[in-house]
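These notes are about the structure you will find just below.
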Amino acid sequence: MPQSTVATDICARLSEAIVGALGRAGIEGVQPVLDRPARPEHGDWATNVALVAAGRSGRKPRELADALAGDLRATLADHVAAVEVAGPGFVNFRLGPGWWAELLRQVVAQGTQGFARLDVLAGTRVDVEFVSANPTGPLHAGAGRWAAYGDSLCRVLERCGATVEREYFVNDRGGQVVRFGESLAARRRGDPVPEDGYQGDYVSAWAAEMPADADPVAWGCERAKRDIAETLDLLGVHFDRWSSEKALVDDGTVDDTLRELRERGAVYESEGALWLRSTDHGDSKDRVLVKSDGDLTYLLPDVAYHRDKFARGFDLLVDVWGADHHGYVARMQAAMQALGHDPAQLEVVLGQLVTLERDGQPVRLSKRTGDMLELRELLGAVGPDVARIVFLLQSIETHQTVDLDRITRQSSESPAFYVQYAHARIASLEREAARQQVARQPIGTCDLGVLVHEREAAVLRSLSELPDVVQAAAASRAPHQVCTWVRQLAQRFHAFYHDCPVLRHPDPAVVQARLWLVEATRVGLAIGLDLLGIHTPDLM
RNA sequence: GCCUCCGUAGCUCAACUGGACAGAGCGGGUGGCUUCUACCCACCAGGUUGCGGGUUCGACUCCUGCCGGGGGCACCA
């Protein structure tokens with residue numbers, strides 16, 4: 001149930017009127033779809049009902065649209081300035097200035113905390129697991145994409161009312177960490193690392209810190225975990241929970257899981273191994289849980305881990321995985337189904353991998369060979385804001401190419417600066433207003449009807465869209481949509497700032513109205529940047 | 001071979017889940033500060049949305065066949 005806002009109010013009013021008009025035109029059962037046209041000349045809202053209903057009623061779209069428009073013009077006279085028919089048969093609505101004033105008052109009244117805060121996910125507990133890189137070394141630069149995405153997704157979900165837990169699964173058990181421990185031990189002795197070990201320079205550095213009596217695997221995992229947490233901290237990403245794979249084995253959770261799978265008849269033995277009947281639940285083949293040598297595969301602890309997450313009472317589990325784990329999705333969902341869970345409650349977001357380039361050459365990201373760029377280095381070069389916006393610029397489901405030279409050498413050209421500059425300009429404007437002793441009068445006493453410039457209208461239009469953008473970004477797990485929106489708002493503000501004097505305007509009424517518009521823009525930028533996890537500087 | 005994601009301006013990418021003339025940034029060109037921050041604004045150039053069919057009033061979006069690329073098809077993690 002969306003919270004009532006100026007935007008949802010007008011939407012509801014328009015829908016109601018359209019249904020009424022359709023009824024009077026003898027058309028039933030058409031659900032009106034309301035859209036915000038891309039072009040201002042197409043009005044503030046538009047509906048395609050005439051196009052959809054024309055076929056059904058045997059009338060020409062334009063003709064039906066004209067009839068509907070006439071009806072709507074009469075019914076909506078109080079709220080809408082104009083109803084026009086355009087193109088193949090769209091009905092476009094132009095809102096009156098009173099509506100825009102109402103919106104502006106609402107943004108200002110609700111402020112950074114309240115505006116575009118929704119309750120669509122109220123009462124929903126969501127667990128988001130992301131990054132979860134192996135504790136065998138520092139995070140590489142590409143991991144920044146998962147960190148930025150996951151954290152921003154959580155922020156967007158929270159803005160929609162969800163209770164969110166950020167979780168990191170530490171694979172501190174199994175072949176990789178054993179090899180990592182062996183590499184540490186070898187380096188500490190001064191020996192070369194084993195053939196299949198970790199070659200990176202960090203291994204030598206860490207080995208030098210390692211106490212002689214330490215267990216290399218346990219110590220190494222802790223050391224890596226600490227490094228990872230520190231790096232994520234630099235990016236402003238904080239996890240509520242670090243779950244340990246080893247702990248799940250040690251405390252019997254894995255055994256319990258296996259027992260339950262057995263009881264449910266979901267496993268069988270063959271060739272000395274224990275198999276999960278994942279084909280019963282849509283997987284392409286059955287999967288090994290316990291190898292013939294008695295070792296656990298990676299799958300079993302991970303199944304236990306997801307079972308544990310469900311047991312902690314979440315309504316939805318979101319896993320953010322790299323596309324290289326695609327083949328893993330079906331078996332995990334099959335396992336959850338075998339345990340009696342609704343597979344829809346486990347949602348796997350597959351993110352496409354990042355290619356980092358330097359001098360046009362791809363930068364390799366291998367911990368094993370030690371040939372990699374650390375996330376820490378990237379953050380040292382460009383800072384967290386630039387890093388985050390770079391990773392959030394694009395949809396998680398498209399391949400991303402990041403040119404390191406460009407974002408480091410020319411970080412002042414980053415979109416982060418563009419949007420932050422808009423915020424800094426607003427802060428500067430407010431400082432200048434204070435210096436000139438121009439105070440904002442209570443908004444209720446201001447005549448906001450003077451905001452008629454097209455630059456002003458564009459800013460207001462952006463602001464009116466934010467609640468919808470937040471909801472859509474949450475629903476489609478796409479925080480980059482917030483990024484796109486923030487850039488648009490910043491762009492429209494810069495254009496407004498350029499063309500519309502605020503403090504310099506001779507008419508005090510215009511000065512007041514514009515000051516409020518500027519304040520509303522500040523609110524919008526602050527909300528958007530907060531959802532992206534980017535700072536809002538007052539000075540640049 | 002099978003599964004999956006992708007292919008949009010010179011480059012990096014958007015495009016409100018099927019809508020109107022496909023939009024931004026960077027790069028290129030031209031102009032704009034005696035001014036509330038020029039890290040900004042405006043204009044120009046740049047496109048057969050990989051290619052061919054199909055569905056639809058309407059397709060970057062859906063279906064299908066090719067072409068090209070990433071990733072995956074373990075008793076690794």
Side-chain angles (χ1 to χ4, degrees), chain A residues 33 35-39 41-42 46 48 50-52 54-55 60-62 86-90 92 134 136 171 173-177 179 245 271-275 284-285 287-299 302 322-330 350-353 355 357 390 393-395 397-403 406 410 412-418 420-422 424-433 435-436 438 465 468-469 472-473 475-476 478 480-481 483-485 487-488 491 493-505 511 514 518 539-540:
Chain A
V33 174
D35 236 7
R36 293 170 194 272
R39 297 170 170 279
E41 60 267 33
H42 293 146
N48 62 355
L51 291 159
V52 176
K60 288 183 180 159
R62 283 289 301 214
F90 289 100
N92 297 333
N134 285 344
T136 54
N171 300 121
R173 199 205 67 87
Q176 293 304 326
V177 292
R179 277 186 278 279
E245 179 187 351
E271 301 163 51
L274 190 71
W275 297 72
S284 56
K285 58 172 290 195
R287 307 293 174 175
V288 172
L289 294 173
V290 182
K291 303 188 236 174
S292 51
D293 64 5
D295 261 4
L296 310 180
T297 59
Y298 175 74
L299 180 60
D302 210 7
D324 52 340
H325 286 67
H326 161 258
Y328 205 73
V329 177
L350 286 179
Q352 298 298 314
L353 305 176
T355 305
E357 278 184 356
V390 161
L393 233 29
Q394 275 116 50
S395 156
E397 55 196 37
T398 73
H399 304 275
Q400 181 174 34
T401 306
V402 174
D403 184 331
R406 223 177 81 192
Q410 310 172 336
S412 67
E413 286 168 11
S414 154
F417 282 66
Y418 185 82
Q420 289 180 318
Y421 184 50
R425 272 185 150 175
I426 289 172
S428 163
L429 200 47
E430 287 170 353
R431 284 191 298 270
E432 183 60 21
R435 198 187 65 78
Q436 296 180 19
V438 178
E465 290 168 4
D468 288 347
V469 169
S476 48
H480 81 277
Q481 290 176 1
C483 194
T484 304
W485 178 86
R487 295 172 70 196
Q488 184 195 62
Q491 180 180 18
F493 175 76
H494 283 309
F496 158 78
Y497 184 91
H498 187 268
D499 288 357
C500 301
V502 179
L503 297 170
R504 291 193 317 256
H505 197 281
V511 171
R514 285 186 172 167
V518 167
L539 267 174
M540 282 177 78

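Below, chains carry the letters A, B, ... as their sequence lines are ordered, and counting in each starts from 1.
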Fill in: N or O in side chain of A:Y497 less than 4.0 angstrom from B:rC33 OP1/OP2
no

Worksheet entry | Per A:Q352 side chain, nearest of listed nucleotides B:rA77, B:rG70, B:rC36 | B:rG70

Worksheet item: Who is the Watson-Crick or G-U wobble partner of B:rC21, with both distances under 3.5 Å?
Response: none

Discussion item. Partner lookup for B:rC43, please. Criteria are Watson-Crick or G-U wobble with both distances under 3.5 angstrom; report none if nothing qualifies.
Written reply: B:rG29

Worksheet entry | B:rC26 versus B:rA20 - spacing of their P atoms, nearest Å | 26 Å

Fill in: Pairing nucleotide - B:rC75, Watson-Crick or G-U, each distance under 3.5 Å
none

Item to complete: Can you tell me, in whole Å, how much space there is between the P of B:rA22 and that of B:rC66?
Response: 31 Å

Worksheet entry | Interatomic distance where CG belongs to A:D295 and C1' belongs to B:rA77 [whole Å] | 13 Å

Worksheet item: If the P atom of B:rG19 is compared with that of B:rA45, how far apart are they to the nearest Å?
Response: 28 Å

Practice prompt. For B:rC57 and B:rG23, measure between their P atoms and round to the nearest Å.
Written response: 25 Å

Practice prompt. Name the pairing partner of B:rG68, where a pair is Watson-Crick or G-U wobble with both distances under 3.5 Å, or state none.
Written response: B:rC6

Fill in: Length of the CZ-P vector between A:F417 and B:rA38, whole Å
17 Å

Practice prompt. Round to the nearest Å and state the distance from A:R504 atom CZ to B:rC33 atom P.
Written response: 13 Å

Response to the item:
Rounding to 0.5 Å, atoms NE2 (A:H399) and CD (A:Q352) come to a distance of 4.5 Å

Worksheet entry | Closest to side chain of A:Q491, choosing from B:rC36, B:rG25, B:rC6 | B:rG25

Worksheet item: Which nucleotide in the list B:rC75, B:rC16, B:rC36 gets nearest to the side chain of A:W275?
Response: B:rC75

Worksheet entry | Separation of the P atoms in B:rG28 and B:rC21, to the nearest angstrom | 33 Å

Item to complete: Answer yes or no: side-chain N or O of A:S476 and base N or O of B:rU17 forming a donor-acceptor pair under 3.5 Å.
Response: yes

Practice prompt. Spell out yes or no: do the side chain of A:T398 and the base of B:rC6 have one donor N/O and one acceptor N/O closer than 3.5 Å?
Written response: no

Discussion item. Closest approach to the side chain of A:Q394, judged atom by atom: which nucleotide of B:rC13, B:rG25, B:rA77 is it?
Written reply: B:rC13

Worksheet item: So, is A:T484 close to the B:rA24 phosphate, meaning a side-chain N or O under 4.0 Å from OP1 or OP2?
Response: no

Discussion item. For a quick check, with a 4.0 angstrom heavy-atom cut-off, what is the B/S/- contact string for nucleotides 18-23 of chain B, read 5' to 3'?
Written reply: -BBB-S

Response to the item:
From CG of A:L393 across to C1' of B:rA14 the rounded distance in Å is 9 Å

Fill in: Interatomic distance at P, B:rG7 relative to B:rC51, whole Å
13 Å

Item to complete: Specify the separation, in whole Å, of atom CG of A:D324 and atom P of B:rG72.
Response: 6 Å

Practice prompt. Can you tell me the distance, in whole Å, between the CD atom of A:E271 and the P atom of B:rC75?
Written response: 10 Å

Practice prompt. State whether the distance check finds a donor on one side and an acceptor on the other, under 3.5 Å, for side chain A:H498 versus base B:rG32.
Written response: yes

Worksheet item: A:H325 has an atom NE2; how far is it from atom P of B:rA74, in whole Å?
Response: 14 Å

Worksheet item: Does A:K285 place a side-chain N or O at less than 4.0 Å from the phosphate oxygens OP1/OP2 of B:rC3?
Response: no

Worksheet item: Looking at B:rC75, B:rG25, B:rC40, which one has an atom nearest to any side-chain atom of A:Y418?
Response: B:rC40

Fill in: For A:D324, side chain to side chain donor-acceptor pair (under 3.5 Å) partners two or more places apart
none

Practice prompt. May I have the distance from A:L296 (atom CG) to B:rC76 (atom P), rounded to whole angstrom?
Written response: 11 Å

Discussion item. For B:rC67, does the O4'-C1'-N9-C4 or O4'-C1'-N1-C2 angle fall within 90° of 0, making it syn, or is it anti?
Written reply: anti

Discussion item. Can you tell me which nucleotide in B:rC76, B:rC5, B:rC36 comes closest to the side chain of A:L429?
Written reply: B:rC36

Worksheet item: Under 3.5 Å, is there a donor-acceptor pair between the side chain of A:E397 and the main chain of A:A478?
Response: no

Worksheet item: Is A:R425 near enough to B:rA38 that one of its side-chain N or O atoms lies under 4.0 angstrom from OP1 or OP2?
Response: yes

Worksheet item: Does B:rU56 sit syn or anti, given that only angles within 90° of 0 count as syn?
Response: anti

Worksheet item: Among B:rC39, B:rA77, B:rA42, which nucleotide sits nearest the side chain of A:Y421?
Response: B:rC39

Practice prompt. Over 60° means perpendicular and under 30° means parallel, so classify the ring planes of A:H325 and A:Y328, tilted if in between.
Written response: perpendicular

Worksheet item: Any N or O donor-acceptor pair linking the side chain of A:H399 to the base of B:rG69 at under 3.5 Å?
Response: yes

